[in-house]
Amino acid sequence: VPEFSFFVPTYLRAVTLKETVDSILSMEGAHSYEILVVDNNPQRGDETELLMAGYSGLGNLRYYKNSSNIGMVGNWNRGYHLSRGRWVVMVHDDDLVGPDFLNEVSSALQKVDADALFSRFTPVRSASDVPSHKGAGSGKLSRKRCSSVWNGNDFNVVGSVLRRAVVAVGGFREDQYPCADYGFFARMAFFRKAWMLDSSIAFYRVSENESLRQETLDGFMHVCHFLRIQILEKLRCPAASELHQDEILSVHPTWSEGGM
């Protein structure tokens, strides 16, 4: 059983997927890890499947193709379910990890009792923008508690390191799309031990994707407002939560609040 599972959800992005997988394979240090690519395009013989066939000689790389498209959130949950490692690292199919990623993560996990470890990330346009040297940052570790997630999602999926056993807190929820990561990580901060590593060892590719559609941007605003209402209630700030609820319902009166 590997210590780490690098889970890469993918859908019709063979070119950037190759760069993502190669960045994981290029990490420095002797570490026990597997790479799991979960393909949400059920079409057989497509460009992604042909690409992954080129990695068939690697014993630590697994490729799983869904028989039907189960949506982005469903694919995220499936990847965590299929991962075998003690720790699961999710990396989108257009994002990258730095060469010192596992060196820094392994060192940090030896210093703190954590259920989740998040790191800083650097926006990039292409794989060539990823530095070959140690990532920027102080390297300091700080505990992320419930109050730290009220003002927004201070965490990022790319490079998130979660103890596989704690995915039982509910996984990612479809009804919280497109803020499913915010909702999940907020629950981690409330109910588990979440830490932030101040080191830029993951790289977020800035490109045209689902998150830039106007419908998705509107969804970010509405769902994040409701998540903040629920967080304020958890923090026992009912007056503030009512203020935010009145504000969002005045803009979108048909929305109703769901549980966090």
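Computed from a prediction, not measured in an experiment: that's the story for all the values here.
Side-chain N or O atoms of Arg163 include one that pairs as donor or acceptor with a backbone N or O of Ala114 at under 3.5 Å. Panel note: side chain Ser200, backbone Thr122; no donor-acceptor pair is recorded below 3.5 Å. At distances below 3.5 Å, at least one donor-acceptor pair connects side-chain atoms of Asp95 with backbone N or O atoms of Arg205. A donor-acceptor pair is defined here as one N or O able to donate and one able to accept, closer than 3.5 Å; such a pair exists between the side chain of Ser56 and the backbone of Ala53. Judged by distance alone, the side chain of Arg78 and the main-chain N or O of Val38 form no donor-acceptor pair under 3.5 Å.
Side-chain contact between Val97 and Phe121 is absent, with no heavy atoms from C-beta onward closer than 4.5 Å. The closest side-chain heavy-atom distance from Asp115 to Trp195 is not below 4.5 Å. Asn66 is not listed as a side-chain neighbour of Pro42, based on a closest heavy-atom distance of 4.5 Å or more. Contact annotation: the side chain of Val73 never approaches that of Arg173 to less than 4.5 Å [non-hydrogen atoms, C-beta and beyond]. You'll find the side chain of Met90 reaches within 4.5 Å of the side chain of Pro9, heavy atoms only. Residues Val8 and Ile24 are in side-chain contact: their nearest non-hydrogen atoms beyond the backbone lie under 4.5 Å apart. Residues Met196 and Leu141 are not in side-chain contact: their nearest non-hydrogen atoms beyond the backbone lie 4.5 Å or more apart.
In the hydrophobic clustering of this structure, Met72 does not group with Ile70; members are Ile, Leu, Val, Met, Phe, Trp, Tyr whose side-chain heavy atoms approach within less than 4.5 Å, directly or through other members. With hydrophobic clusters built from ILVMFWY side chains whose heavy atoms lie under 4.5 angstrom apart, Leu17 shares a cluster with Tyr204. When hydrophobic clusters are built by joining Ile, Leu, Val, Met, Phe, Trp and Tyr residues whose side-chain heavy atoms come closer than 4.5 Å, directly or via intermediates, Val130 is not grouped with Val15.
Closest heavy-atom contact between Arg13 and Asp93: NH1-OD1, 2.9 Å. The two residues Glu104 and Ser199 come nearest to each other via the heavy atoms OE1-OG, 2.9 Å. Across every non-hydrogen atom of Ser32 and Pro2, the tightest pair is OG-CA, 3.2 Å.
Residue Leu12 is found in a hydrophobic cluster whose other members, listed by chain and number, are Tyr11; membership requires side-chain heavy atoms under 4.5 Å apart, directly or through intermediates.
Taking CZ of Arg84 as the reference point, atom OG of Ser5 lies at 8.5 Å (rounded to 0.5 Å). Note that NZ of Lys18 is 7.0 Å distant from CG of Leu51, once rounded to the nearest 0.5 Å. The NE2 atom of His31 lies 4.5 Å from the OG atom of Ser106; values are rounded to the nearest 0.5 Å. The line from CG of Leu50 to CE of Met52 is 11.5 Å long, rounded to the nearest 0.5 Å. Interatomic distance, Leu102 CG to Met27 CE, rounded to the nearest 0.5 Å: 4.0 Å. Atom-to-atom distance recorded for Leu58:CG and Ile35:CD1 is 7.0 Å, nearest 0.5 angstrom.
Legend: residues meeting side-chain hydrogen bond (donor to acceptor under 3.5 Å, both in side chains) with Ser67, ordered by chain and number and at least two apart, are absent. Partners of Thr20 according to the side-chain hydrogen bond (donor to acceptor under 3.5 Å, both in side chains) rule, which considers only residues two or more places apart in sequence or in another chain, do not exist here. The ring-ring contact (aromatic ring centres under 6.0 Å, His included) test applied to Phe6 returns Tyr33, Phe101, not counting sequence neighbours. Every salt bridge (charged side-chain N to carboxylate O under 4.0 Å, His left out) that Arg86 has, sequence neighbours left out, goes to Glu3. For Ser138, the side chain to side chain contact (heavy atoms under 4.5 Å, CB included) partners at least two apart in sequence or on another chain are Lys140, Asp198. Remark: Lys65 engages Asp39, Asp46 in a salt bridge (charged side-chain N to carboxylate O under 4.0 Å, His left out) (not counting sequence neighbours). In terms of the salt bridge (charged side-chain N to carboxylate O under 4.0 Å, His left out) criterion, residue partners of Glu49 (sequence neighbours excluded) are, by chain and number, Arg44. In this structure Asp129 satisfies the salt bridge (charged side-chain N to carboxylate O under 4.0 Å, His left out) test with no other residue, sequence neighbours excluded. For Thr48, there are no side-chain hydrogen bond (donor to acceptor under 3.5 Å, both in side chains) partners, not counting sequence neighbours. Under the side-chain hydrogen bond (donor to acceptor under 3.5 Å, both in side chains) criterion, Asn69 pairs with Asn40, not counting sequence neighbours.
Tested against Val21 for a side-chain contact (heavy atoms from CB on, under 4.5 Å), the candidates Leu96, Thr10, Leu61 yield a single pass: Leu61. The side-chain contact (heavy atoms from CB on, under 4.5 Å) with Leu197 is formed by just one residue from the set Leu117, Val161, Val112; it is Leu117.
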Show your reasoning for whether side chain to side chain contact (heavy atoms under 4.5 Å, CB included) applies to Phe184 and Leu162. CA-CA 11 Å; Phe184 177 75; Leu162 304 181; 3.4 Å; yes
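Side-chain N/O atoms of Thr16 and Asp94 include no donor and acceptor closer than 3.5 Å.
Within the structure, ring pair (Phe, Tyr, Trp, His ring centres under 6.0 Å) contacts touching residues 53-74 (residues at least two apart or in different chains) do not occur.
A distance of 6.0 Å or more separates the ring centres of Trp76 and His81.
Between Phe7 and Tyr80, the ring planes lie perpendicular to each other; the angle is over 60°, past the 30° to 60° tilted range.
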